[in-house]
Amino acid sequence: MTTELTHWIDGKHVKGTSGRFADVYNPATGEVQSKCPLASAAEVDAAVASAAKAQPAWGATNPQRRARVLMKFVSLLNRDMDKLAEALSKEHGKTVPDAKGDVIRGLEVAEFCIGAPHLLKGEYTESAGPGIDMYSMRQPVGVAAGITPFNFPAMIPMWKFCPAIAAGNAFILKPSERDPSVPLMLAELMQEAGLPDGILQVVNGDKEAVDAILDHETIAAVGFVGSTPIAHYVYSRGTAAGKRVQCFGGAKNHMIIMPDADMDQAVDALVGAGYGAAGERCMAVSVAVPVGEATADKLIEKLAPRVEALKIAPYSAGADVDFGPLVTRAAQKRVLGLVDRGVEEGAKLVVDGRGFRMQGYEDGFFVGACLFDDVTKDMDIYKEEIFGPVLSTVRAGSYEEALGLAMDNEYGNGAAIFTRDGDAARDFVNRVNIGMVGVNVPIPVPLAYHTFGGWKKSGFGDLNQHGPDAFRFYTRTKTVTARWPSGVKEGAEFSIPLMQ
Ligand code: NAD
């Protein structure tokens, strides 16, 4: 039976009124399990109006009280962890332990935001001039919005709404229409934690809702995460409308394996980072770059049997499953099409997962693990973000050639080097033009109190997500110059004041 999902407006589940819906699948079975309402511009407008009404009182609530809501939210997330992970896996397809990781990486940002009062403190200069004090304060932008992707339906919404709300804003969340249930559950938990109605609104939808957000006069700031073409579109349209916008896009993350690397460690890293979550991670390693023919031969020899042995199954099949299905039939077809193209282009398909069938789940969106060797820069499988369980190996003749590959790539989200040589690692860290870099760490996702963001076509805008940058993004600085003259008042000043 398919259920009809809702929006979350003013602290209540609200049915969609546009008459448009998106199918939400169980990717393991291929069945439609629910229908997600797709908001019209009028529904977005109504949500924004009630957010704008609720925001001033929330903005005026002292920051410690606001932080206590997040403190309670963290404990509720822990209480409901199993329920959240199950709902997440059922719509996304990732394994239950991985779904818990998705929730926990969001929870950690909620924990960080409990410290918001400290991050919202302003600066103060006493006696900047005679009888003059100068101070700055951080004030909420008002109503902010977040547009999030399907691949982390718990973590990324929390990366967006936790700092925005802790900073005193109201927030409109437009989650992915492919897995909208967990964002609705998070909104319920925020209400249970004490958040006033109207401060977090979940408006489900597609391009129509996104465009309504981008054009809405009341929304002051928009955070986006998704594919690069849409990130660029959202950035261009949102900034043209005068908003503050930060957009995080796609990726093609390289992992360089130097001849002196611990090969077992590198192989473990590649298996997890290349195939975890079926490769549907913006920080997945999708390109392995062994340096030197001997390194490459050793790598493929050790890697191929590990990739062949990966256990692929529905999330419900137990804790030892390595990865599950892709999110939709369209994603499955696209990934299989790219693997075919790689073969046609002359890459060597060392492990061919195209024929993978799951008994009892023949209609699921599964793709078996694929491993390519002898991939070159001109091939589509190298140029495109595959977003599936497919790892490409590009053999490099030297360290400079390997570094050049990562540097020349249009994406700049993550990159890693595996080596025992501190000098090579240091050189790589200094020179590579990529936002998040790992040294013997394949997925260098920064923790909540640092910031997350890619360079080049992986990020548009100038502030990163979470960490102190998030509080800069969701607040505006106001600087006050105050004079309390004593004694005789002077006349008007007509030249620019100088603090002499
Ligand atoms: P997507 O771009 O298809 O969708 C992202 C959001 O944009 C969704 O909410 C969707 O409803 C909306 N959207 C889709 N098409 C639109 C259109 N034409 N106009 C306006 N809005 C539109 O991305 P996805 O498939 O959900 O997520 C996967 C992508 O996200 C990958 O490219 C991945 O690398 C990227 N990603 C990046 C990061 C990062 O931090 N850099 C993190 C996670 C995912």
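Values in this document were obtained by computation on a predicted structure and should not be read as measured data. All ligand and atom numbering here is 1-based and tracks the order in the structure. Sequence positions, counted from 1, serve as the residue numbers for this chain.
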Is there any N or O on [X] that sits under 3.5 Å from an N or O of ligand 1?
X      : value
Asp211 : no
Ile230 : no
Asp206 : no
Gly249 : yes
Lys207 : no
Asn151 : no

Legend entry - Proximity winner for atom 35 (C) of ligand 1, if only heavy atoms of Gly226, Gly250, Cys282, Pro149 are counted: Gly226
Inset, instruction - Have a look at Val445, Asn413, Val225, Thr228 and point out the one with the heavy atom closest to atom 5 (C) of ligand 1. - result: Val225
Inset, instruction - Enter the distance from Arg20:CZ to Asp206:CG here, rounded to the nearest 0.5 Å. - result: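 The distance works out to 4.0 Å.
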Using a strict cut-off of 4.0 Å, indicate which atoms of ligand 1 neighbour a heavy atom of [X].
X      : result
Ile156 : 42 (C), 43 (C)
Ser227 : 1 (P), 2 (O), 23 (O), 29 (C), 30 (O), 32 (O)
Thr148 : 6 (C), 8 (C), 9 (O)
Phe248 : 39 (C), 40 (O), 41 (N)
Gln465 : 40 (O)
Ile147 : 6 (C), 7 (O), 9 (O)
Glu177 : 10 (C), 11 (O)

Measure the distance from [atom] to every protein heavy atom, then report the residue, atom name and distance (to 0.1 Å) of the closest one.
atom                    : result
atom 21 (N) of ligand 1 : Val210 CG2, 3.4 Å
atom 32 (O) of ligand 1 : Glu385 OE1, 2.6 Å
atom 26 (O) of ligand 1 : Phe150 N, 3.0 Å
atom 40 (O) of ligand 1 : Phe452 CE2, 3.1 Å

Inset, instruction - Look at ligand 1 and say whether Met283 reaches it with a heavy atom at a distance under 4.0 Å. - result: no
Legend entry - Contact check, Phe387 vs ligand 1, heavy-atom distance below 4.0 Å: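 The answer is yes: ligand 1 sits under 4.0 Å from a heavy atom of Phe387.
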Answer with side chain, backbone, both or neither: which part of [X] has a heavy atom less than 4.0 angstrom from an atom of ligand 1?
X      : value
Phe224 : side chain
Glu280 : neither
Arg178 : side chain
Val234 : neither

Decide, yes or no, whether a salt bridge links [X] with [Y] under the criterion of side-chain N to carboxylate O below 4.0 Å.
X      : Y      : answer
Glu410 : Lys457 : yes
Glu177 : Lys207 : no
Arg354 : Asp352 : yes
Asp98  : Arg281 : yes
Asp378 : Lys383 : no
Glu344 : Arg341 : no

Could you check whether [Y] and [X], counting side-chain N and O atoms only, form a donor-acceptor pair closer than 3.5 Å?
X      : Y      : value
Asp197 : Gln191 : yes
Glu43  : Thr17  : yes
Asp373 : Thr393 : no
Lys90  : Tyr25  : no

Legend entry - Ser50 side chain reached by Ile9 side chain, heavy atoms, under 4.5 Å: yes
Inset, instruction - Indicate yes or no: at least one non-hydrogen side-chain atom of Leu77 is less than 4.5 angstrom from one of Leu186. - result: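 Touching, per the 4.5 Å side-chain cut-off.
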Legend entry - ring pair (Phe, Tyr, Trp, His ring centres under 6.0 Å) partners for Trp159, two or more places apart: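 Scan of Trp159 (ring pair (Phe, Tyr, Trp, His ring centres under 6.0 Å), adjacent residues dropped) gives Phe452, His466.
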Legend entry - cation_pi(Lys160, Phe473) dist<6.0 Å, angle<=45: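 Not flagged: Lys160 not positioned over aromatic ring of Phe473.
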